[in-house]
Amino acid sequence: MYGKGLLKGLSVTFNRFFQSYLEDIRWLVKKYPKVEFRSSKDTRGTFTVEYPEQSVIIPEEFRFVPFLVYDEGEHGEKNIRCTSCGICAKACPPQCIWIVRSTDPETGRPVPQPAEFYIDFDICMNCGLCAEFCPFDAIKMDHDYEISSYTRNLADKERLMKPASYYESIRPENFKREETAREAKAAAKAAAKA
Amino acid sequence: MMENELNLPEFNIPEELDGKVAITNLDRLYNFGRRSSLWPMMFGLACCAIEMIAAQAGRYDMARFGMEVMRPSPRQADVMIVAGTVTKKMVPAIVRLYNQMAEPKYVVAMGACASGGGPFKEGYNVVAGIDKFLPVDVYIPGCPPTPQALVKGMIRLQEKIDQQSISKVRWYKKGADSVEIAIPFLGPDLIDPRRIQDIKEAANELATVNTAEEGAA
Amino acid sequence: METTTTTFELDKTFPGIVMADTRSGYEGYLIPSDQLLKVCADLKNKHGYDLLSSVTGVDYLSEGKMEVVYHAFKSSGGPALVFKCQIERVDPMEMPSVTSIWPGADFQEREIWDLYGIKFTGHPDLRRILMWEGFEGHPMRKDWKEAFYEEEKKPLKSRWPQGNHKYAETKTPYGDNVRFDAGFDPEKWVPTDPEEALYTALKKFKTEVKDGIQTDHIIVNMGPQHPSTHGVFRAVALLNGEEILSLKPVLGYLHRNHEKIGERNTYIQNIPYTDRLDYFNSMYNAWAYSLAVEKLLGLEVPERAEYIRVIMGELSRIQNHLILFGMLWNDLGAYFTPALYAFEERELILDIFESVSGSRMMCNYHRFGGVVRDVNPMNMQKIKDLAFDRLPRKVEEFDKLLSENEIFVSRMKGVGYLSPEDAIGYSVTGPTLRAAGIPYDIRRVNPYGIYDRFDFDIPVRHNSDLLDRYLVRVEEIRQSIRILQQALNTIPEGPIITGKPSYQIKVPAGEAYGRIEHPKGELGFYVVSDGSANPYRYHIRTPSFVNITSLEKMCVGTKIADFVTILGMIDIVLGELDR
């Protein structure tokens with residue numbers, strides 16, 4: 001019969017059309033979590049995740065732009081972990097990291113702290129190589145993607161610094177693994193000293 | 001959502017009329033109409049175009065915000081989302097398309113490449129950001145920005161439109177309706193007609209420096 | 001591990017003319033330029049090397065030579081035959097063109113003329129291809145410096161330890177990414193028409209008077225801004241009414257200088273750049289590059305990493321074919337329904353990529369010697385759900401939706417015919433070659449990784465029209481699901497990378513060509529190393545660029561409306577077409 005292929009295709013489209021209504025009815029009755037269901041393998045019917053009220057599930061490994069981690073001291077001071085070793089600036093493929101290492105004003109010798117730290121977000125390609133090769137866990141990839149603005153985005157040290165508690169909230173598994181490694185290293189150092 | 005944005009905040013609407021009546025002024029009404037029906041121009045150059053199409057597809061559905069269709073023709077589009085790397089060979093076409101768009105028009109630079117050259121900034125065929133030629137309204141960094149980041153950028157554009165006022169916009173004031181940008185042309189390298197004098201001066205300076213060096217050597 | 005050196009000894013077959021290349025780490029043979037055509041004709045006709053895969057130029061500035069490297073294969077399978085031709089690096093440089101023997105070398109020789117300045121005598125149409133006519137200089141030469149040039153190699157010293165930020169535009173004399181000769185005056189410059197050479201390359205434009213009515217042929221530009229050209233691609237067609245007489249593609253609107261930037265980068269810094277080539281399959285591109293560098297380094301990849309590479313690669317292939325169907329149906333007129341269904345499946349696959357590697361599209365997942373991160377059990381379960389449950393169902397649904405549609409069949413059947421001899425001659429690879437009847441799939445004839453352990457079929461059809469290319473791809477999705485299921489059942493535990501990760505690696509001197517069966521064809525990386533931390537030459541042989549050589553042959557004689565479907569079915573992506 002001529003037209004059989006067209007009718008078969010139309011049957012598939014109608015099937016999906018009715019599924020979207022059936023899913024709405026099922027959601028009214030059972031009230032399952034919408035976003036999780038629509039990201040699973042059983043998703044049927046409508047597929048939309050309504051941003052900005054809802055958001056897709058962001059996995060832990062998601063990388064957007066980098067940020068610098070600081071540890072909070074007892075009196076609220078910010079101990080930045082970065083020692084301005086420069087490895088992230090050397091590893092960055094488009095070379096979008098600028099670091100000025102601070103020097104001791106009296107002796108003129110370098111101090112392991114960055115005086116200035118710039119990342120140009122208009123060049124950054126979100127590859128994560130800086131976070132992968134940092135030996136001090138000082139620069140990590142952020143999850144925050146809502147950084148569109150009316151001007152160009154050149155981030156300086158103030159804008160880049162975020163607390164370690166924020167890092168723990170976005171990447172719990174990685175944070176746990178790194179903290180155990182740090183504590184093991186500190187314990188080994190203390191044992192070697194004694 | 002509609003009634004909250006349209007209604008002026010100083011007037012309280014009683015519960016039973018909420019959603020049916022709004023007290024507003026002309027500016028808000030004018031901006032509401034424009035920001036809720038922005039039609040993007042289908043102008044994908046590179047990888048960011050795929051995220052733009054994905055934002056238009058089922059999961060992120062930009063049609064909920066009024067960006068119903070993507071028109072390839074510039075006469076029918078309101079906002080030009082420059083998605084992808086801008087190369088020197090393509091810039092004359094981009095500027096020509098921008099000139100053909102009808103007012104009111106906006107430009108969104110999506111992605112690192114359109115904002116500031118991106119990872120390809122040092123290339124010999126790459127223009128370091130579309131804001132060298134066109135006036136950009138919103139910059140969205142990322143490589144590529146996820147569709148949610150693009151939607152957030154479009155919401156920021158909508159907020160910018162909300163700040164405009166019908167008595168102050170360019171196309172209703174006296175004078176030229178819109179500003180045409182001079183189209184660059186491809187010579188030994190890309191030549192921007194607005195900067196011909198600068199190029200001449202810099203090239204002359206280089207020539208004198210070279211002859212001085214040759215004279216000294 | 002596959003071997004690239006073939007046992008065919010070219011220097012014994014042509015004694016006195018051909019010499020083996022004896023530089024350390026190099027392979028292949030050197031042929032003098034006056035004997036090149038004779039040796040190549042014999043190679044193709046007598047010894048069966050009919051598939052010329054890649055033509056590359058290399059600039060050896062310190063030795064004063066320019067070299068053109070050829071990789072040839074047999075269409076019945078087997079490793080590569082590498083031969084080279086060297087000439088003195090003195091302008092004007094001339095070499096014989098091999099397009100009379102292998103027509104597929106056409107665009108690649110034009111690219112070498114554009115970027116290196118080697119003239120190929122006997123080439124039918126030698127114009128610039130990636131840059132515009134009138135551009136000053138040949139950019140890939142080692143002594144040509146771009147406007148934002150800072151240092152020869154990265155990492156740059158200006159970023160640390162005294163890295164005060166300055167926009168690169170402020171450091172150039174023109175305030176922008178342009179360079180002109182000293183004393184250049186833009187007002188006095190007389191433009192030469194860049195389009196003139198293009199229009200004379202089209203067949204002769206004719207007007208005639210028939211029955212008292214004057215008729216002309218029309219020249220139509222399907223411009224860079226077009227909804228159906230899958231990106232910024234331009235084609236100039238000469239039409240007789242609706243029939244295409246001649247068609248010339250114009251490329252270079254997205255030329256982003258991967259190769260020049262690649263020479264400045266270190267080896268590991270190039271991996272994120274390979275993601276931007278074919279931006280749909282970023283899980284596959286870095287594999288070919290890793291193959292080439294692992295050959296130079298002599299690294300063995302652990303078992304689990306090989307299985308993970310195969311799993312990610314096949315998932316990538318499935319979503320690539322689905323997106324192709326969606327976009328093709330967009331062009332045919334079924335505006336967006338099949339595309340929406342395809343995007344739904346793609347979103348589920350991209351969710352997996354995001355939770356494994358960190359980004360939906362630019363995965364940056366492969367490293368030299370393995371992959372960067374392991375797949376945890378939760379993600380493995382998600383992949384199993386897709387491969388065993390959802391994807392087989394959805395492929396059948398897609399098939400039911402689309403493949404027997406009468407409108408579709410009548411538009412695709414018999415259109416765009418390419419004979420098998422032409423397909424091999426034009427160096428076409430991928431599903432287009434298999435739809436012409438030639439069972440050439442690199443995973444079978446020259447296996448890489450662990451593909452020789454899996455049980456899968458190579459779909460081949462014999463009509464070589466558009467419908468066959470479509471059906472080959474549908475069958476390929478089914479075979480990919482089969483490979484996925486076998487890999488998921490047999491994946492072992494173990495390490496995922498050999499050696500310690502480091503951001504600075506020194507690669508021993510030599511050359512290597514790593515090739516894979518990309519969903520669009522054959523993707524190859526030709527890497528030359530001089531023993532330092534940056535590659536000396538980094539060339540990408542992309543399937544889209546070489547498959548486009550056959551576009552004119554397929555389109556001549558068809559109607560202008562068929563051009564859109566033929567272009568859609570070759571499956572091009574602008575990121576890898578223009579690099």
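Scope of the values below: all heavy atoms of this structure, side chains included, with no hydrogens, waters or symmetry mates. Throughout, protein chains are lettered first and strands after them, A, B, ... in sequence-line order, and every chain is numbered starting at 1.
- Neither the backbone nor the side chain of B:R71 comes within contact range of chain C, judged by heavy atoms closer than 4.5 Å.
- Contacts of C:R179 with chain B are made by both backbone and side-chain atoms, with heavy-atom separations under 4.5 Å.
- Under the 4.5 Å side-chain criterion, counting only non-hydrogen atoms from C-beta, C:R256 is not in contact with B:N125.
- Between B:F133 and B:Y98, the ring center distance fails the sub-6.0 Å criterion.
- The shortest distance between side-chain heavy atoms of B:Y106 and B:V108 does not fall below 4.5 Å.
- Heavy-atom distances place the side chain of C:F343, and not its backbone, under 4.5 Å from chain B.
- The candidate with the highest count of non-hydrogen atom pairs below 4.5 Å against chain B, out of C:Y174, C:Y167, C:Y149, is C:Y174.
- Below 30°, between 30° and 60°, or above 60°: for B:Y30 and B:Y172 the angle between ring planes is between 30° and 60°, a tilted geometry.
- Heavy atoms of C:Y341 lying under 4.5 Å from chain B are absent altogether.
- Looking only at heavy-atom pairs under 4.5 Å with chain B, the residue among C:E146, C:H226, C:E347 that has the most is C:E347.
- In this structure, CG on B:L150 lies 5.5 Å from CD1 on B:I81, to the nearest 0.5 angstrom.
- In this structure, the portion of C:H258 lying under 4.5 Å from any heavy atom of chain B is its side chain and not its backbone.
- A salt bridge is absent between C:R127 and C:E133: the closest approach of a Lys/Arg side-chain nitrogen to an acidic carboxylate oxygen does not fall below 4.0 angstrom.
- The salt bridge (Lys or Arg N to Asp or Glu O under 4.0 Å) with B:R35 is formed by just one residue from the set B:D162, B:D78, B:D27; it is B:D162.
- For a residue to count as touching a neighbouring chain, one of its non-hydrogen atoms must lie under 4.5 Å from one of that chain's; by this rule C:R346 touches chain B with the side chain only.
- C:L340 touches chain B through its side chain: at least one heavy atom from C-beta onward sits under 4.5 Å away, while N, CA, C and O do not.
- For an aromatic pair to be called close, the ring centres must be under 6.0 Å apart, and C:W329 with C:Y335 fails this.
- The greatest number of non-hydrogen atom pairs below 4.5 Å with chain B, out of C:E344, C:M362, C:K260, C:M131, is found for C:M131.
- Ranked by heavy-atom pairs under 4.5 Å with chain B, the first of C:I323, C:L350, C:D351 is C:D351.
- With values rounded to the nearest 0.5 angstrom, C:F135 atom CZ is found 11.0 Å from B:K89 atom NZ.
- If you measure heavy-atom distances from C:E150 to chain B, you find no contacts under 4.5 Å at all.
- Note: C:K154 leads C:R264, C:E354, C:K154, C:R234 in heavy-atom pairs under 4.5 Å with chain B.
- Residue contact with chain B, scored on non-hydrogen atoms closer than 4.5 Å, involves the backbone of C:L251 exclusively.
- By number of non-hydrogen pairs under 4.5 angstrom with chain B, the leading residue of C:F148, C:F180, C:W144 is C:F180.
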